[in-house]
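Here is the structure we will look at.
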Amino acid sequence: PEPAAPAPAPEPQQNDNFPFLLVDDFVRCDPNEATTYFKGYARYRDNSPMNAVCIQIDFYGPRNTKCSGCDGVGDGNWGFSPFGGAAPPGTPVEIYVVGCPPGGLPPGGATEGSGFGDLTPQSPKWTRTIGASEQCAEITFVQK
């Protein structure tokens, strides 16, 4: 009899090396003809709101970094309305946690024009390809 082939090493979990987890069990995306937007939360493990977590949105490259609880959006909350209206169908979107730059973000967040900090992901990426203009909510990142 031939010896059994060794079992392959298990694949690492998608979030093993990240300080934040993506919790997308409750994400809802509903049609919104007027404006495509995304919103969610940053939370501690005990589910309490976590402020000053930098969240990045990319589509066709880096677009905007905002922080949770900044700009009067409420503790632990963050949101993006990056298209100024409806998103073009087929737009690929990624949202994830990044490190905040020293000194924090400017009001309204960081853009290509203001310069980005380190955009190395600190969480798994929430991804979606926009089929039609929509609003997506409850995208949640939780500190490990």
Side-chain angles (χ1 to χ4, degrees), residues 5-144:
E11 287 291 315
Q13 290 279 334
Q14 175 185 4
N15 54 19
D16 276 355
N17 297 317
F18 293 123
F20 286 86
L21 303 172
L22 168 63
V23 180
D24 59 0
D25 299 348
F26 304 104
V27 174
R28 286 195 47 184
C29 292
D30 298 309
N32 183 337
E33 293 179 20
T35 304
T36 297
Y37 70 88
F38 308 92
K39 65 181 184 174
Y41 308 103
R43 302 274 185 203
Y44 289 100
R45 273 186 262 171
D46 68 2
N47 205 35
S48 62
M50 185 175 191
N51 290 333
V53 175
C54 286
I55 310 292
Q56 175 69 28
I57 187 168
D58 292 354
F59 52 95
Y60 304 121
R63 295 296 174 167
N64 196 219
T65 306
K66 292 192 174 188
C67 72
S68 61
C70 296
D71 298 323
V73 297
D75 284 345
N77 293 307
W78 57 265
F80 295 99
S81 184
F83 300 99
T91 303
V93 174
E94 296 180 332
I95 298 175
Y96 53 99
V97 176
V98 296
C100 291
L105 295 172
T111 63
E112 190 173 27
S114 69
F116 291 112
D118 181 359
L119 297 181
T120 302
Q122 300 294 309
S123 71
K125 293 180 178 183
W126 181 83
T127 60
R128 185 166 182 89
T129 299
I130 305 302
S133 188
E134 59 191 355
Q135 58 192 29
C136 296
E138 307 296 325
I139 305 164
T140 304
F141 296 98
V142 177
Q143 185 182 44
K144 273 183 145 176

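We're numbering straight along the sequence, starting at 1.
A search for side-chain contact (heavy atoms from CB on, under 4.5 Å) contacts involving R43 returns Y41, N47, P49, T140, V142, not counting sequence neighbours. By the side-chain contact (heavy atoms from CB on, under 4.5 Å) test, C67 pairs with C54, C70, L105, sequence neighbours left out. When the side-chain hydrogen bond (donor to acceptor under 3.5 Å, both in side chains) test is applied to T65, the partners found at least two apart in sequence or on another chain are Q56. Every residue two or more places apart in sequence or in another chain was checked for a side-chain hydrogen bond (donor to acceptor under 3.5 Å, both in side chains) with Q122, and none qualifies. Under the side-chain hydrogen bond (donor to acceptor under 3.5 Å, both in side chains) criterion, R45 pairs with no residue at all, not counting sequence neighbours. In this structure D46 satisfies the side-chain contact (heavy atoms from CB on, under 4.5 Å) test together with Y44, S48, sequence neighbours excluded. For the salt bridge (Lys or Arg N to Asp or Glu O under 4.0 Å) test, no residue two or more places apart in sequence or in another chain qualifies with R63. Checked against side-chain contact (heavy atoms from CB on, under 4.5 Å), D24 has the following partners two or more places apart in sequence or in another chain: L22, V27, W126. Shown here are the side-chain hydrogen bond (donor to acceptor under 3.5 Å, both in side chains) partners of T36, two or more places apart in sequence or in another chain: S133.
With rounding to the nearest 0.5 angstrom, the CG atom of D25 is 11.5 Å from the CD atom of E138. Y37 contributes atom OH, which lies 11.0 Å from atom CD of E134 (distance to the nearest 0.5 angstrom).
The 12-atom threshold is not exceeded at CZ of F26, counting heavy atoms of other residues, nucleotides or ligands nearer than 6.0 Å.
Among residue pairs with one or both ends in residues 71-81, those qualifying as side chain to side chain donor-acceptor pair (under 3.5 Å) are N51-D75; sequence neighbours excluded. Sorted by first and then second residue, the disulfide (SG to SG under 2.5 Å) pairs with a member in residues 109-144 read C29-C136; sequence neighbours excluded.
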Quiz: residues 83-97 side-chain donor-acceptor pairs under 3.5 angstrom, not counting sequence neighbours:
unit_1: T91; atom_1: OG1; unit_2: P88; atom_2: O; d: 2.6
unit_1: E94; atom_1: OE1; unit_2: K125; atom_2: NZ; d: 3.2
unit_1: Y96; atom_1: OH; unit_2: D58; atom_2: OD2; d: 2.7

